[in-house]
Amino acid sequence: MLNEITKDAQARMGKSIESLRQAMSKVRTGRASTSLVDHLKVNYYGSEMPLSQVASIAVNDARSLTITPWEKPMVAAVEKAIINSDLGLTPNTAGTVIRINLPALTEERRRDLAKMVNGEGEDAKVAIRNIRRDANQQVKELLKEKEASEDDARRVEDEIQKITDAAIKDVDDVVKAKEQELMAV
């Protein structure tokens, strides 16, 4: 039972870190990346579809993306999805090819993005600490119900703390890497 608690905590912390990585991939740096538009949904004949399922997305050069819908009528829907998104980008359409030019980031915008990245990192740390608290609470309940010895409970709590420390270090590494990527000109 105690091993299940640590495995569950470790799995949940891993999911928190993976969620942070996905959030970081959406943060725009100075370079073009297909992950920038991965989360966009397009109205495809009445249902919401991921952009990657209705068009091909390619990096043209360091500052531009090209999106080519597979069906000509989808050009307008893809364009509308990009305009309505939170990206703040304007698509340029030439026939069936949609180009998105990414403007260079100003120093002020880089700092704002770095603050946002730090905020996301702090949210991930809070989530990890909540998972630790839940796991420790489960251990205390087992101890109270006499289903675990005090030595075993103490050992598991130490193990949970080690897992937590490792997860928080991973969060710090992800945030630091993204900050460096943002500040690189």
Side-chain angles (χ1 to χ4, degrees), residues 1-44 47-54 57 81-82 84-89 105 107-184:
M1 186 67 183
L2 291 174
N3 285 338
E4 291 173 21
I5 293 172
T6 57
K7 286 179 185 172
D8 179 55
Q10 193 167 18
R12 289 172 57 201
M13 287 179 192
K15 287 177 185 172
S16 292
I17 293 168
E18 195 51 44
S19 173
L20 175 69
R21 282 195 175 106
Q22 285 181 341
M24 291 297 139
S25 73
K26 292 176 186 152
V27 175
R28 186 167 76 83
T29 58
R31 291 185 294 281
S33 168
T34 57
S35 64
L36 194 61
V37 293
D38 276 349
H39 69 288
L40 293 182
K41 300 276 190 236
V42 179
N43 187 346
Y44 184 72
S47 62
E48 294 291 310
M49 299 289 289
L51 179 61
S52 60
Q53 291 184 11
V54 298
I57 307 164
I82 294 167
N84 293 340
S85 72
D86 58 350
L87 296 173
L89 298 172
L105 295 174
E107 189 66 28
E108 182 180 344
R109 180 70 178 136
R110 288 177 196 270
R111 284 198 199 100
D112 290 346
L113 288 172
K115 284 180 188 172
M116 189 184 79
V117 164
N118 278 321
E120 292 278 342
E122 286 305 313
D123 291 347
K125 287 180 187 179
V126 167
I128 288 169
R129 290 182 189 120
N130 287 340
I131 293 166
R132 175 187 62 191
R133 186 195 62 223
D134 293 346
N136 284 339
Q137 193 63 40
Q138 289 175 327
V139 170
K140 285 184 175 97
E141 286 175 16
L142 287 176
L143 188 61
K144 195 165 87 174
E145 294 170 7
K146 304 261 190 266
E147 290 182 27
S149 69
E150 283 189 29
D151 289 342
D152 287 343
R154 185 72 193 143
R155 180 184 51 77
V156 169
E157 285 177 351
D158 289 344
E159 202 172 314
I160 290 168
Q161 184 58 47
K162 286 177 187 169
I163 293 167
T164 303
D165 292 343
I168 286 181
K169 184 185 179 307
D170 286 349
V171 167
D172 287 339
D173 292 345
V174 169
V175 168
K176 190 174 185 179
K178 192 62 176 186
E179 276 183 335
Q180 288 175 343
E181 190 179 330
L182 279 170
M183 290 304 171

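Since the structure is predicted, the reported quantities are computational estimates derived from the model, not experimental observations.
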Seminar exercise, completed: In this structure, CE of Met13 is separated from CG of Asn130 (nearest 0.5 Å) by 10.0 Å
Exercise. Looking at side-chain heavy atoms only, is the closest gap between Val117 and Val174 below 4.5 Å?
Worked result: no
Exercise. Is there a donor-acceptor pair under 3.5 Å between the side chain of Lys41 and the backbone N or O of Glu48?
Worked result: no
Exercise. If we only count heavy atoms from C-beta on, is the Arg133 to Gln137 side-chain gap below 4.5 Å?
Worked result: no
Exercise. Hey, what do you get for CD (Glu181) to CE (Met24), rounding to the nearest 0.5 Å?
Worked result: 10.5 Å
Exercise. Can you check salt bridge (charged side-chain N to carboxylate O under 4.0 Å, His left out) on Lys15 and Glu18, steps first, answer last?
Worked result: CA-CA 5 Å; Lys15 287 177 185 172; Glu18 195 51 44; over 6 Å; no
Problem set entry | Residues Arg154, Glu150: salt bridge by 4.0 Å N-O rule | no
For this session: Look up atom NZ in Lys146 and atom CG in Leu142, then write down how far apart they are to the nearest 0.5 Å.
Result: 12.5 Å
Exercise. In Å, rounded to the nearest 0.5 Å, how long is the span from CD1 of Ile57 to CG of Leu40?
Worked result: 8.0 Å
For this session: Kindly indicate whether the side chain of Arg129, heavy atoms from C-beta on, has any atom under 4.5 Å from the side chain of Ile168.
Result: yes
Exercise. Among Asp172, Asp165, Asp173, which one satisfies salt bridge (Lys or Arg N to Asp or Glu O under 4.0 Å) with Lys169?
Worked result: Asp173
Exercise. Counting heavy atoms not belonging to Glu108, are there more than 12 under 6.0 Å from its CD?
Worked result: no
For this session: Apply side-chain hydrogen bond (donor to acceptor under 3.5 Å, both in side chains) to Asn118 and list each qualifying residue two or more places apart in sequence or on a separate chain.
Result: Glu179
Problem set entry | Sub-4.5 Å side-chain heavy-atom contact between Val139 and Ile160 | yes
Exercise. Do you know which two heavy atoms are closest between Val42 and Ala81, and how far apart they sit?
Worked result: CG2-CB, 4.0 Å
Exercise. Among Arg111, Met116, Lys115, which residue meets the side-chain contact (heavy atoms from CB on, under 4.5 Å) test with Leu113?
Worked result: Met116
For this session: Could you tell me the separation between the CD1 atom of Ile128 and the CG atom of Leu20, rounded to the nearest 0.5 Å?
Result: 8.0 Å
Seminar exercise, completed: Here the pair of heavy atoms bringing Val171 nearest to Gly121 is CG1-O, 3.5 Å
Exercise. For Glu141, what residues pass the side-chain hydrogen bond (donor to acceptor under 3.5 Å, both in side chains) criterion, not counting sequence neighbours?
Worked result: none
For this session: Can you measure from CG (Asp170) to OG (Ser16) and round to the nearest 0.5 angstrom?
Result: 11.5 Å
Problem set entry | Residues forming a side-chain hydrogen bond (donor to acceptor under 3.5 Å, both in side chains) with Asp134, sequence neighbours excluded | Arg12
